[in-house]
Amino acid sequence: MNQPGFVVSLVAGGVAGASVDLILFPLDTIKTRLQSPQGFERAGGFRGIYAGVPSTAIGSFPNAAAFFLTYEYVKWFLHIDSSSYWMPVKHMLAASAGEVIPFSLVQFPLWEYLKALWSWRQDHAVDSWQSAVCGAFAGGFAAVITTPLDVAKTRIMLAKAGSNTASGNVFSALQGVWRSQGFTGLFAGVFPRMAAISLGGFIFLGAYDQARSMLSKVGRKSW
């Protein structure tokens, strides 16, 4: 990938990040309130679910832009043949370089794998809408298996100052949820989380591929 390719990834990533936050911020607010130890209604219910949307969308543009720039650069730098068994590792390294969270380590290798499989089945590269579908499946799967970590994060954020949970120990938070609510507590909010992230994966990764494709065409014409 040459320098114009990196610029395209930077801008396309920013557009994708802002788009998904504008649409899905309210669903994330509902999910967080469902996971609150206070209960959904006491945590705010459906009140003010759009509060803070503009500032979040503005902040997500540079974050998503930096993520995709790093992601594409690491993929280009490692330059492993697409038939190699090391491809998932490359995508995991690229995702972790952009954002070190377990969710990305699951979502992005699976997204790339599904795109490669679909491309192979139809004998040509996937379209943006197909990339979006792959992103939805990858995001939904990653959302489900990382829900306990998301519950722990929410409990830590909402814990009273000075409590064991507020110390930030994820395993301690998970143990507390398991003792008080069992398996269902660890997966509290899993369905809205899966729905929101599946939709988010569809918008985020589909918008990224679409914006990247459009910007690349504009770049080729200008060159």
Side-chain angles (χ1 to χ4, degrees), residues 6-36 40 43-72 94-95 98-108 110-112 114-115 126-144 146-147 149-151 153-154 157-158 188-219:
F6 289 133
V7 174
V8 165
S9 297
L10 184 74
V11 177
V15 170
S19 299
V20 76
D21 275 343
L22 283 171
I23 297 170
L24 297 184
F25 184 89
L27 287 177
D28 188 62
T29 300
I30 292 171
K31 181 266 301 180
T32 300
R33 291 175 180 178
L34 283 168
Q35 294 177 347
S36 171
F40 180 67
F46 290 101
R47 297 184 299 276
I49 58 174
Y50 287 93
V53 170
S55 58
T56 300
I58 292 171
S60 67
F61 188 99
N63 291 335
F67 171 82
F68 274 110
L69 176 64
T70 306
Y71 180 71
E72 296 292 352
E99 188 175 19
V100 188
I101 56 172
F103 179 84
S104 295
L105 297 180
V106 177
Q107 183 191 30
F108 278 83
L110 183 56
W111 175 55
E112 296 282 6
L114 292 173
K115 287 197 301 177
V126 295
D127 297 323
S128 296
W129 72 267
Q130 293 172 321
S131 176
V133 172
C134 294
F137 276 102
F141 179 78
V144 171
T146 59
T147 293
L149 295 177
D150 190 61
V151 170
K153 181 192 75 174
T154 301
M157 290 171 59
L158 300 177
V190 64
F191 292 113
R193 172 175 162 81
M194 181 180 65
I197 293 179
S198 293
L199 181 57
F202 184 91
I203 298 169
F204 186 53
L205 298 174
Y208 172 70
D209 265 7
Q210 179 65 25
R212 193 162 180 262
S213 175
M214 291 174 62
L215 290 169
S216 296
K217 290 178 182 177
V218 171

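Only this structure's heavy atoms are used, side chains among them; waters, hydrogens and symmetry mates stay out. Keep in mind the model is a prediction, meaning the values are calculated, not measured.
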Trainee: If I compare all heavy atoms of Gly13 with all of Phe204, which pair ends up nearest, and what's the gap?
Mentor: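 Between these two residues, the closest heavy atoms are O-CE1, 4.5 Å.
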Trainee: Take atom CZ of Phe137 as the centre, draw a 6.0 Å sphere, and report whether it contains more than 12 heavy atoms from other residues, nucleotides or ligands.
Mentor: no
Trainee: Compare every heavy atom of Ala142 with every heavy atom of Phe103, then report the nearest pair and how far apart it is.
Mentor: CE1-CB, 3.4 Å
Trainee: Step by step, would you call Arg193 with Leu34 a side chain to side chain contact (heavy atoms under 4.5 Å, CB included)?
Mentor: CA-CA 10 Å; Arg193 172 175 162 81; Leu34 283 168; over 6 Å; no
Trainee: Got Trp111 and Ser131 here, is their nearest side-chain heavy-atom distance under 4.5 Å?
Mentor: yes
Trainee: Would you say the side chain of Val133 lies within less than 4.5 Å of the side chain of Phe202, judging by non-hydrogen atoms?
Mentor: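 In short, these two side chains touch, coming nearer than 4.5 Å.
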Trainee: Over all heavy atoms of both residues, which pair between Asp21 and Ser60 is shortest? Give the atoms and the distance, please.
Mentor: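 Taking every non-hydrogen atom into account, OD2-CB, 2.8 Å.
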Trainee: Can you see which heavy atom on Phe68 is nearest to which on Ser9, and at what distance?
Mentor: CB-O, 3.8 Å
Trainee: About how many Å separate OG1 of Thr147 and CD1 of Ile197, when rounded to the nearest 0.5 Å?
Mentor: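 It is 7.0 Å, given to the nearest 0.5 Å.
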Trainee: Measure the shortest side-chain to side-chain distance between Ile49 and Arg33 over non-hydrogen atoms and say whether it is less than 4.5 angstrom.
Mentor: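 They are in side-chain contact.
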Trainee: Hey, does Tyr208 have a side-chain heavy atom less than 4.5 Å from the side chain of Tyr71?
Mentor: no
Trainee: Using a 6.0 Å cut-off, check whether atom CZ of Phe25 has over 12 heavy atoms from anything other than its own residue.
Mentor: yes
Trainee: Is Asp209 salt-bridged to Arg212, cutoff N-O under 4.0 Å?
Mentor: no
Trainee: Starting at CG of Leu110, measure out to CG of Leu105 and round the result to the nearest 0.5 Å.
Mentor: 12.5 Å
Trainee: Looking only at heavy atoms, which two atoms of Ala138 and Gln107 are closest? And how far apart?
Mentor: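 Heavy atoms of Ala138 and Gln107 come nearest at CB-O, 3.5 Å.
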Trainee: Report yes if the side chains of Leu205 and Phe108 come closer than 4.5 Å at any heavy-atom pair, otherwise no.
Mentor: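 In short, these two side chains touch, coming nearer than 4.5 Å.
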Trainee: Report yes if the side chains of Val15 and Gln210 come closer than 4.5 Å at any heavy-atom pair, otherwise no.
Mentor: no
Trainee: Backbone N or O of Gly59 within a donor-acceptor pair of the Asn63 side chain at under 3.5 Å?
Mentor: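 Judged by distance alone, yes, a pair lies under 3.5 Å.
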Trainee: Could you report the tightest heavy-atom contact between Ser198 and Gly140, atom names first, then the distance?
Mentor: OG-CA, 3.1 Å
Trainee: Between Phe40 and Ile30, is there a side-chain heavy-atom distance shorter than 4.5 Å?
Mentor: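 Answer yes - side chains close enough.
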